[in-house]
**Student:** 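Shown below is the structure under consideration.
Numbers here are sequence positions counted from 1. Each ligand, and each atom within it, is numbered from 1 in the order the structure gives.
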Amino acid sequence: KKKIAIMTSGGDSPGMNGVVRACVRMALHMGCDAYCIYEGYEGLVQGGNLIRKMEWYDVRGWLSEGGTLIGTARCMAFYEREGRLKAAKNMILNGIDALIICGGDGSLTGADKFRAEWPSLLEELVANGTFTAQEVHPFSHLNIVGLVGSIDNDLSGTDATIGCYSALARICHAVDLIEATAYSHSRAFVVEVMGRHCGWLALMAGVATGADFIFIPEKPSEDNWREEMCSIVEHHRKIGKRKTIVIIAEGALDREGNKITPTMVKDLLADKDGLGLDTRITTLGHVQRGGTAVAYDRMLGTLQGVEAVKAVLEATPDTKTCVITINENKIMRKPLMEAVLDTKKVAKAIERQDFEEAMALRDTE
Ligand code: ATP
């Protein structure tokens, strides 16, 4: 009987529980044993009761729960070979040779490294007397499939990551609430949303709430962003708008690569010699990540979880490690490291202030 383990890693995102539920149930449906690794890579490194066999009813009701019920953690030990050696040992002790990992690009990079190193990890476990060659023989091929759980929608190669639409819905709801006060008092609000290298949340929240102005990392405003923003806000005020909403991604930059902060924007809008608006800052923070998954993320997590199990069962030793994506409404499998490397290219382009390159890469995603 094949034993398939599922884990969540990196930052939590709404929809991860749907993934776990789908993987567990699809694995059981296909006649396999299903396991959950609790606390991300930490569970794999520590083993013991952090690796648990799951039954059909263990994941009952998980679809509508927020966060990840099997936990997630940043695991320093997994960056080191010694940690990965312990992880390999725990996999073999539990008879597991297939892993489905739902996380961000860091988690998927770790997964790829683990698979690449697997043969040498087995050799070492035999050489140091942990197992015999016969004991490790059935585990000669490690099978890994990735799923992207992230609220930022920051992975290249997929139209949506699991959790991004829930976060977007939460932001829109928060802006709706803020707007009531903004309108009543004729105020301006600067709303900071998540997104260090990826402005998708800020951009789409801007579109979905009809914000006056947005700031994103990939396309910093021109040198004259101050004048540009103020003249747009002024125009909106002149035509009778009583509320001003400016959305700013936490990684927003100017053309020189300097951070644009909510305070800078607030001071500008409030400047007595300029617009003189009564301006407040709202940092949404972890509210964006919390709560139940919206219908789209439940659906995406479920469909992709099912596909991940299929990918595990169809893989051969020569199959490249894949990540499950959604492209033009079709659930697809793509080479995992290509998606991760393309993602890192955008972050690097932003870091070296090559914004044209960052935008070009986003366009081809
Ligand atoms: P998020 O997008 O929410 O930050 P992430 O998956 O990118 O999610 P990371 O903190 O980068 O989050 O990675 C999660 C865990 O994956 C790390 O704590 C570590 O255990 C493992 N990991 C990440 N990168 C590597 C790597 N290069 N080698 C080995 N393990 C890694």
**Student:** Given side chains that start at C-beta, do those of Tyr41 and Phe114 come closer than 4.5 Å, heavy atoms only?
**Tutor:** no
**Student:** Taking only distance into account, with no hydrogens and no angle test, what donor-acceptor pairs under 3.5 Å do side-chain atoms of residues 94-108 form with protein atoms, sequence neighbours excluded?
**Tutor:**
{"unit_1": "Asn94", "atom_1": "ND2", "unit_2": "Asn90", "atom_2": "O", "d": "2.8"}
{"unit_1": "Asp97", "atom_1": "OD1", "unit_2": "Lys2", "atom_2": "NZ", "d": "3.3"}
{"unit_1": "Ser107", "atom_1": "OG", "unit_2": "Ser9", "atom_2": "OG", "d": "2.8"}

**Student:** What short N/O contacts, under 3.5 Å, does ligand 1 make with the protein, listed by atom pair and distance?
**Tutor:**
{"unit_1": "ligand 1", "atom_1": "3 (O)", "unit_2": "Gly11", "atom_2": "N", "d": "2.9"}
{"unit_1": "ligand 1", "atom_1": "4 (O)", "unit_2": "Arg74", "atom_2": "NH1", "d": "3.3"}
{"unit_1": "ligand 1", "atom_1": "6 (O)", "unit_2": "Gly104", "atom_2": "N", "d": "3.0"}
{"unit_1": "ligand 1", "atom_1": "6 (O)", "unit_2": "Gly104", "atom_2": "O", "d": "3.4"}
{"unit_1": "ligand 1", "atom_1": "6 (O)", "unit_2": "Ser107", "atom_2": "N", "d": "2.9"}
{"unit_1": "ligand 1", "atom_1": "6 (O)", "unit_2": "Ser107", "atom_2": "OG", "d": "2.4"}
{"unit_1": "ligand 1", "atom_1": "7 (O)", "unit_2": "Asp105", "atom_2": "N", "d": "3.4"}
{"unit_1": "ligand 1", "atom_1": "7 (O)", "unit_2": "Asp105", "atom_2": "OD1", "d": "3.2"}
{"unit_1": "ligand 1", "atom_1": "7 (O)", "unit_2": "Gly106", "atom_2": "N", "d": "2.8"}
{"unit_1": "ligand 1", "atom_1": "10 (O)", "unit_2": "Arg74", "atom_2": "NH1", "d": "2.6"}
{"unit_1": "ligand 1", "atom_1": "12 (O)", "unit_2": "Arg74", "atom_2": "NH1", "d": "2.9"}
{"unit_1": "ligand 1", "atom_1": "18 (O)", "unit_2": "Cys75", "atom_2": "N", "d": "2.7"}
{"unit_1": "ligand 1", "atom_1": "20 (O)", "unit_2": "Cys75", "atom_2": "O", "d": "2.7"}
{"unit_1": "ligand 1", "atom_1": "24 (N)", "unit_2": "Gly106", "atom_2": "O", "d": "3.1"}
{"unit_1": "ligand 1", "atom_1": "28 (N)", "unit_2": "Lys113", "atom_2": "NZ", "d": "3.2"}

**Student:** Which pairs, with at least one residue in residues 302-321 and sequence neighbours excluded, count as a salt bridge (charged side-chain N to carboxylate O under 4.0 Å, His left out)?
**Tutor:** Glu307-Arg333, Glu314-Arg333, Lys320-Glu338
**Student:** Please, which pairs that meet ring pair (Phe, Tyr, Trp, His ring centres under 6.0 Å) have at least one residue in residues 231-250, sequence neighbours excluded?
**Tutor:** none
**Student:** So, the side chain of Arg280 versus the backbone of Ala188: is there a donor-acceptor pair under 3.5 Å, distance only?
**Tutor:** no
**Student:** Among side-chain atoms of Thr181 and Ser184, is any donor-acceptor pair under 3.5 angstrom?
**Tutor:** no
